Amino acid sequence: MKTKHPENKAIELLNSLNINTLPIPVDKILQHFNITLSYDLGDDISGVLVVNKNGMAVVGVNPKESNVRQRFTIGHEIGHFVLHRNKSELFVDEHYLVVARDGTTDKYELEANAFSAALLMPKNLIKEQLELLPLKSSTEEKIKILAKKFEVSSLAMTYRLSNLDIL
């Protein structure tokens, strides 16, 4: 899997929409693509993207999940829309299971996760925000503060910082 591809696509999207403030406004991105947001899912489904033959899309998220999880799900489904919409008309994400039934890694799910991480936690904004934090802050404190500013989970921020080799 080319991890730079989702990263670059997310950066291109943010730049094209002139988005550089926190938290990243996923609603503005949905509006840009004319994607409808729905909250009517079952308990086992985190998110879904449905694209009809006319290119109209609906993203569904589970309203029972936390706000930060819903934001990541929306970013994930936007990732499918940007990266994969010509490959399928339906993407159903059952709690981000990224291993296919045959035991192989599901490339599309990994790419959508990478896209969502880059979209919600752009590297340049992370670096800017880190500069503003007190030098004496522990790594755990920095992660918690950044997660709150970016409106993502501490776990998502931890993964992102690790994948970027920051901290």
Side-chain angles (χ1 to χ4, degrees), residues 1-33 35 37 39 41 43 45-49 59-84 91 93-99 105-167:
M1 178 191 74
K2 293 166 58 177
T3 56
K4 287 293 180 189
H5 176 66
E7 181 91 18
N8 291 342
K9 287 291 190 181
I11 292 166
E12 287 173 17
L13 177 58
L14 291 171
N15 288 341
S16 72
L17 297 176
N18 199 30
I19 294 174
N20 56 13
T21 58
L22 296 178
I24 300 300
V26 291
D27 55 334
K28 182 177 178 180
I29 298 168
L30 289 170
Q31 289 172 358
H32 169 74
F33 289 117
I35 298 173
L37 184 61
Y39 293 95
L41 297 177
D43 288 343
I45 307 296
S46 289
V48 64
L49 169 68
V59 164
V61 294
N62 190 330
K64 294 179 181 175
E65 294 182 338
S66 69
N67 180 58
V68 294
R69 178 60 183 251
Q70 288 180 38
R71 284 177 47 78
F72 196 88
T73 297
I74 292 168
H76 178 97
E77 301 308 336
I78 292 170
H80 279 310
F81 185 82
V82 170
L83 302 169
H84 311 129
F91 293 92
D93 298 304
E94 298 179 39
H95 300 291
Y96 297 111
L97 183 65
V98 294
V99 178
T105 302
D106 186 331
K107 175 184 171 185
Y108 293 158
E109 293 304 310
L110 290 172
E111 287 179 346
N113 277 348
F115 181 92
S116 186
L119 185 74
L120 298 177
M121 299 169 277
K123 182 179 182 176
N124 64 320
L125 294 181
I126 288 175
K127 287 184 172 186
E128 281 179 18
Q129 291 302 313
L130 278 171
E131 293 290 322
L132 301 174
L133 297 179
L135 292 175
K136 294 182 179 181
S137 299
S138 70
T139 300
E140 189 175 309
E141 290 171 324
K142 289 177 182 177
I143 290 168
K144 190 174 183 178
I145 292 167
L146 290 173
K148 186 173 182 175
K149 287 184 178 201
F150 284 81
E151 288 189 17
V152 298
S153 69
S154 292
L155 183 60
M157 184 57 72
T158 301
Y159 280 125
R160 181 69 171 148
L161 294 172
S162 175
N163 288 334
L164 293 173
D165 291 323
I166 298 174
L167 289 185

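Keep in mind the model is a prediction, meaning the values are calculated, not measured.
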Set of residues satisfying side chain to side chain donor-acceptor pair (under 3.5 Å) with respect to Arg160, sequence neighbours excluded:
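Checked Arg160 against side chain to side chain donor-acceptor pair (under 3.5 Å); matches are Glu7.
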
Within the side chain of Arg71, is there an N or O that forms a donor-acceptor pair under 3.5 Å with the backbone of Val152?
no

Measure across [X] and [Y] and return the closest heavy-atom pair with its distance rounded to 0.1 Å.
X      : Y      : answer
Phe150 : Met157 : CD1-CE, 3.6 Å
Leu83  : Pro6   : CD1-CB, 4.1 Å
Tyr39  : Pro63  : O-CD, 3.0 Å
Glu151 : Pro23  : OE2-CG, 3.3 Å

Is there a side chain to side chain contact (heavy atoms under 4.5 Å, CB included) between Val59 and Val48? Walk through the geometry before answering.
CA-CA 6 Å; Val59 164; Val48 64; over 6 Å; no

Spacing of [X] atom [atom1] and [Y] atom [atom2] [to the nearest 0.5 Å]:
X      : Y      : atom1 : atom2 : value
Asn113 : Phe72  : CG    : CZ    : 4.5 Å
Ile35  : Ile29  : CD1   : CD1   : 9.5 Å
Ile45  : Glu65  : CD1   : CD    : 10.0 Å
Ile24  : Leu22  : CD1   : CG    : 5.5 Å
Thr158 : Leu161 : OG1   : CG    : 6.5 Å

Under the ring-ring contact (aromatic ring centres under 6.0 Å, His included) test, which residues partner Phe33, sequence neighbours left out?
Phe81

Less than 3.5 Å apart, which donor and acceptor atoms pair up between the side chains of residues 117-137 and the rest of the protein, not counting sequence neighbours?
from   : atom 1 : to     : atom 2 : distance (Å)
Gln129 : OE1    : Lys149 : NZ     : 2.8
Ser137 : OG     : Pro134 : O      : 3.0

Can you list the steps and then say if Leu37 with Val61 is a side chain to side chain contact (heavy atoms under 4.5 Å, CB included)?
CA-CA 8 Å; Leu37 184 61; Val61 294; 4.3 Å; yes

Cut-off 3.5 Å, no hydrogens considered: what does the side-chain donor-acceptor table look like for residues 140-148, sequence neighbours left out?
from   : atom 1 : to     : atom 2 : distance (Å)
Glu141 : OE1    : Ser138 : N      : 2.7
Glu141 : OE1    : Ser138 : OG     : 3.4

With a 4.5 Å heavy-atom cut-off, do Leu49 and His84 have their side chains touching?
no

Check side chain to side chain contact (heavy atoms under 4.5 Å, CB included) between Lys28 and all other residues, then give those that pass, not counting sequence neighbours.
Ile19, Pro25

Set of residues satisfying side chain to side chain contact (heavy atoms under 4.5 Å, CB included) with respect to Thr21, sequence neighbours excluded:
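Side chain to side chain contact (heavy atoms under 4.5 Å, CB included) list for Thr21, sorted by chain: empty.
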
Indicate whether the side chain of Glu111 and that of His5 have a donor and an acceptor atom separated by less than 3.5 Å.
no

Under a plain distance cut-off of 3.5 Å, with no hydrogens placed, do Arg69 and Ser46 share a side-chain donor-acceptor pair?
yes

Students often mix this up, so state it plainly: with edges at 30° and 60°, are the rings of His80 and His76 parallel, tilted or perpendicular?
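Correct class here is perpendicular.
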
